[in-house]
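Here is how names work: the chains are called A, B, and so on, in the same order as the sequence lines, proteins then strands, and each is numbered from 1.
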2 protein chains.
Amino acid sequence: MESPQQRRDRRRAEKQQAIRRAAVRIALDQGVEAATVEAISAAADISPRTFFNYFASKEEALSPDPPWRPEEFVGLLTGRPGDEPVFESLKAVAREFVVRIRPAMEDLEPFVELRRRHPELAAKARAVDETKVLESLLGAVRSRPGVTGPMHARLLVIATFGAAISAVQESVLSGEPAEELLEEAFTLLERGL
Amino acid sequence: MESPQQRRDRRRAEKQQAIRRAAVRIALDQGVEAATVEAISAAADISPRTFFNYFASKEEALSPDPPWRPEEFVGLLTGRPGDEPVFESLKAVAREFVVRIRPAMEDLEPFVELRRRHPELAAKARAVDETKVLESLLGAVRSRPGVTGPMHARLLVIATFGAAISAVQESVLSGEPAEELLEEAFTLLERGL
DNA sequence: TGCAGACCTTGCAGTCCGTGCAATCGTTGC
DNA sequence: GCAACGATTGCACGGACTGCAAGGTCTGCA
């Protein structure tokens, strides 16, 4: 049986998705400037005040649900065996990143289109998360054996993270599986550009 | 002699810098939430309306003047000889990036501190520019000979761009010259991580 | 059935960012 | 001294977002 708490959580998630769909629909049909909180709320049949019970900002409603929180992402790295080569650990994290995103891949389409038209949309929320993740990963990588210096650490992080993002983006464009693209990227990074 | 137009431009630039300093000072002394447009304007002795004649957004006043515009940045790449190996072209662009930032390096300090405390600040403006630059570079790189596929192009761009950013960041932290750090990064990328 | 507590929704009032418009003021060139 | 141009400002407005308090709805329990 479903507990009342689970029930509440589920309904909340459903409602959030409904609001999000309404928001994206308006933004795609009539342009972002038409997607005011008021308009979105009306379309989702809630009051404007309630909108902010579901999203901290308008942009959040126009962005896909992130499949991971920054903290757990870093936990993935620190949870790896300490004697594993750094690059292998990072590869594992990047693979997990891609795997997590995959189920949402199809629902991602409208958001990709929306972001294509309005690059400034995701900018804020994403940039904050990204820098947070990158810095945390960097902190974890520095202390690993086999890292020859600060620049080595930075490149390792930015390259694997970049490879993961690139694989997902390219996969959305070309339809090729992101996992294969990611492995291709790893090979390039290992052999040198 | 200075033409009246030059004079106007210079005074405008000076005033903009003055406003910016006032903004950063308030944000560092009293926290960002205290740095309202009204407070900044009062400190800079202008009306709030005038503030927006100098900056398109409050965040812009709390961010350093970008030393390059996205377009010219891409022009640097397309202006390179077509038979030059891609990686060499990208390296040249990255070097130019670092060189351009260097003169502003000292003035950068308060902004670095400010961003350390409030990562969300630069997020918006920067992320927009960044994705714009990355996509343009990507478009220019794809068509170059020697690029073995879409993932190769993506990695080339993100790695060299990431190397440039990393070099600047690390230079601010450690004091080592960004140019040397950049070359170190190139070597790592060429040899493989 | 009815009541108490938890959670949800909403309206209201208020702050802040950002913009278009039009009046005013100062500077420049003639 | 006057006409043209740019800079500064006030005013009025739209839109995002928040805290608070009043109601409404659901759930468990007697």
Notebook entry, point to check: Do K91(A) and E190(A) sit within salt-bridge range, that is, some charged N less than 4.0 Å from a carboxylate O?
Noted result: yes
Next item on the list: Quick one, give me the B/S/- string for nucleotides 18-23 of chain D, reading 5' to 3', where B means a protein heavy atom under 4.0 Å from the base and S means that only happens at the primed atoms, P, OP1 or OP2.
Entry: BBB---
Notebook entry, point to check: Under 3.5 Å, is there a donor-acceptor pair between the S41(B) and R49(B) side chains?
Noted result: no
Item checked: Whole angstrom value for the distance that separates P of dG10(D) from CD of E38(B) -> 11 Å
Notebook entry, point to check: Which nucleotide sits closest to the side chain of R8(A): dA16(D), dC17(C), dC7(C)?
Noted result: dC7(C)
Item checked: Distance, rounded to the nearest Å, where D45(A) contributes CG and dT10(C) contributes P -> 8 Å
Margin query: Between E170(B) and R154(A), does any NZ, NE, NH1 or NH2 come within less than 4.0 Å of an OD or OE carboxylate oxygen?
Written below: yes
Note to self: Rounding to an integer number of Å, can you tell me how far I26(B) CD1 sits from dC16(C) P?
What the structure shows: 13 Å
Check: Of all the nucleotides listed (dC8(C), dT9(D), dT10(C)), which has the minimum atom distance to the side chain of S47(A)?
Finding: dT10(C)
Item checked: Aromatic ring pairing F97(B)/F161(B), orientation class (parallel under 30°, perpendicular over 60°, tilted between) -> tilted
Check: Between dA16(D), dT8(D), dC8(C), which nucleotide has the shortest distance from any of its atoms to the side chain of Y54(A)?
Finding: dC8(C)
Checklist line | Spacing of I40(A) atom CD1 relative to dC17(D) atom C1', expressed in whole Å | finding: 13 Å
Notebook entry, point to check: Do K132(A) and E120(B) meet the salt-bridge criterion of a basic N to acidic O distance under 4.0 Å?
Noted result: no
Notebook entry, point to check: Taking CD from E59(B) and P from dA16(D), how many angstroms apart are they, rounded to a whole number?
Noted result: 16 Å
Next item on the list: Using a strict cut-off of less than 4.0 Å between a Lys/Arg side-chain nitrogen and an Asp/Glu carboxylate oxygen, indicate whether R116(B) and E113(B) qualify as a salt bridge.
Entry: yes
Item checked: Spacing between R11(A) atom CZ and dA6(C) atom C1', to the nearest angstrom -> 16 Å
Checklist line | Nucleotide dT27(C), atom P - distance to CD of Q6(B) in whole Å | finding: 19 Å
Next item on the list: Report yes or no: does H152(A) contribute a side-chain atom to a donor-acceptor pair with the main-chain N or O of T148(A) at less than 3.5 Å?
Entry: yes
Note to self: Once you apply a heavy-atom cut-off of 4.0 Å, does T36(A) come out as touching a base, just sugar-phosphate, or nothing?
What the structure shows: sugar-phosphate
Margin query: dT8(D), OP1 or OP2 - any side-chain N/O from K15(B) closer than 4.0 Å?
Written below: yes
Check: Rounded to whole angstroms, how far apart are CZ on F51(A) and P on dT10(C)?
Finding: 13 Å
